[in-house]
Amino acid sequence: MKRRMRIGIAVVCAVPILSPLLFLSGNDYLIQAATRIFIYGILVLSVEMCWGQTGIFTFGQAAFFGFGGYFAGYMAKNENITDLGVLLLIALVAGVIAGTLIALFLFSGKRVGELYVALVTLAISYVCEKLANSWTFVGSGNGIPGIPFPTIFGKEISSSIALFFIAFGLFAVSMIICILIIDSQFGLAINAVRDDEERAEFFGYNRSLIQIIIFIFSAVLASIAGALFSLSEGFISPSSLGLTLSTSTVLWVVLGGKGTFYGPMIALAILESVDVEMQRALPSLWRILVGLMLLLTMIFLPKGLMSLGEKSRNKREQKKTT
Amino acid sequence: MKLLQVVGISKNFGSLAALKDVSIHVESNEIVGLIGPNGSGKSTLLHTICGRTIATSGSVLLSGKELVTSNPMVRAKSGMAIKFQLARIYVEKTVSENIMLSLQSKDGIWSLIRSASSKKFIPKIEELISEFQLSDYANTKAKFLSHGQQQWLEIAMAMASNPSILLLDEPTAGMSPKERADTAKLIKRASEKCGVLIVEHDLDFIKDLCDRITVLHYGSVISSGTPKEIENDPKVKEVYLTRV
């Protein structure tokens, strides 16, 4: 078993053991914040798979998050479909359709640059936010409030602890699936496309197909995260589709270290944990501090915070080789 | 039937004719050298054969199959493998992973996701890393290898795909004399399994190694024959050998 999987299993085992400490605090707000971290964790996983592992710079991943959130929210509120399994399936289908359309547009032809992909996905996210803001069918600027809690076998899941475990469960399954993919022979192929896509083609890899598959997979992950978000929060608004969330995901990935797998999730957990408190303590300074952190990371640690560990590992390996 | 047949290839970049009606061929188990002064069109020809550049006119046939407009993926699947001038290996991956990348390249996506062939390829990986003197570095990241070892790794990766034609772009660039001699042996051994086309600057290296040599000058073939014939060709002496 590889190191990445061992850490993954340790995380999956540690959370249920440690979470009672959180529940004992009796603070519902903290439980909801932890739930949100797991939901955003799925979104970050989707960016890491796309950008960190395959080199597809998706700057508009929030668009898929929003698709999932709006589809599930609309169905739950207006069509009275509250079964969690069905709603997640709807989000999955929405992710597959949206992901396929955009992936075919981006990758079915000749190789395109990283910046081109970033700009197209960013533009899609921007357009989706604007559209949701003005389209009364999906509630315009108010979004969809009052989304009912999901049900499992007809039983309503309304307690924050149950929602916490559902979010954690889906995060854990998503993470293990991602690790299995990265540690497989297919993982080697997607990394080859990331590191030198032209070289991969000269070995006989179907670069286009690999990029399309990963893009759709990450769109599905983001869409499921969005559905879970709207169901646990009880609302979905245009900001969940737009630039702010898209930029935040890129920020988490850059700070943690793209391609390091756990780095972006650690950055998300740290920043989200302190975000509200810091905004309260330093209302005008906090965002500037985050921007400064990003700037310093990009200058001094271009591979993110996790590269600190990698550097010392590399030094050890180099010493061994020489 | 000839293994690789390049017939009447021309390549224009705007008004510049980089290749003019070039024809060469490689038989199975044959080593053919391609030489010429800088700017003669050697690398352009190699890129036209491997699919990095599409020819303006002409034909590239591999075992009778027309590939002149095919993309690199199709050419690789048809049995073409290339080693670039500057080693293009995956430096963040280990030596074994680099070779695995080449070995598994013809597997389907589903097979890759299931890691269906990972165990099957282990003996082949061990065989290749031993053949290319990389046994001590099987689990070392490729970025920690020396320049020569990186070049060998790329040739090993090319050979891993079991090609019918191996294209080598200056395989000994930047190598020590000892590494060059070892590389010659490796290429000789590779030619027992496939045809080899080498682009090289080092004439001493290429004349001892190749069965035939083709000389390019300003995008045209000016001479073709055995190394001895090339050495004695007055045209070659005039435009190439005197300039080296």
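Throughout, protein chains are lettered first and strands after them, A, B, ... in sequence-line order, and every chain is numbered starting at 1. Given the structure is predicted, the values throughout are model-derived calculations rather than measurements.
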> Of all the residues in residues 163-181 of chain B, which have a heavy atom that comes within less than 4.5 Å of a heavy atom in chain A?
Replying inline: none
> Relative to chain B, which segment of A/L180 carries a heavy atom at a distance below 4.5 Å: side chain, backbone, both, or neither?
Replying inline: neither
>> Test side-chain contact (heavy atoms from CB on, under 4.5 Å) on B/Q104 and A/Y205; report intermediate values, then the result.
In response: CA-CA 9 Å; B/Q104 67 173 32; A/Y205 285 103; 3.0 Å; yes
> Among B/A160, B/S146, B/S102, B/P72, which has the most heavy-atom pairs under 4.5 Å with chain A?
Replying inline: B/P72
>> Does atom CZ (A/F71) have a neighbourhood of more than 12 heavy atoms from anything else shown, all under 6.0 Å?
In response: no
>> At a 4.5 Å cut-off on heavy atoms, which part of A/I181 comes close to chain B: side chain, backbone, both, or neither?
In response: neither
>> Quick check for you: to the nearest 0.5 Å, what is the distance between B/K93 atom NZ and A/L188 atom CG?
In response: 5.5 Å
> For A/K303, does the NZ atom have more than 12 heavy-atom neighbours from other residues, nucleotides or ligands under 6.0 Å away?
Replying inline: no
>> Would you say that A/Q185 contacts B/M100 through its side chain, given a criterion of any heavy-atom pair below 4.5 Å between the two side chains?
In response: yes
> What are the two closest heavy atoms between A/F203 and B/A76, and how far apart are they?
Replying inline: C-CB, 3.8 Å
>> Can you tell me how far apart OH (B/Y90) and CG (A/D196) are? Round to the nearest 0.5 Å.
In response: 5.0 Å
> Which bit of B/R75 comes within less than 4.5 Å of chain A, counting heavy atoms only: side chain, backbone, both or neither?
Replying inline: neither
> Do B/N71 and A/E201 come within less than 4.5 Å of each other through their side chains, counting heavy atoms only?
Replying inline: no
> What residues of residues 105-118 of chain B sit under 4.5 Å from chain A when only non-hydrogen atoms are counted?
Replying inline: B/S105, B/D107, B/I109, B/S111, B/L112, B/I113, B/S115, B/A116, B/S117, B/S118
>> Using 30° and 60° as the class boundaries, would you call the ring planes of A/F202 and B/F84 parallel, tilted or perpendicular?
In response: perpendicular
> About how many Å separate CG of A/D195 and CZ of B/R88, when rounded to the nearest 0.5 Å?
Replying inline: 12.0 Å
> When you look at B/I82 and A/R199, which way does the side-chain contact (heavy atoms from CB on, under 4.5 Å) test go after all the steps?
Replying inline: CA-CA 10 Å; B/I82 185 165; A/R199 190 66 180 106; 4.1 Å; yes
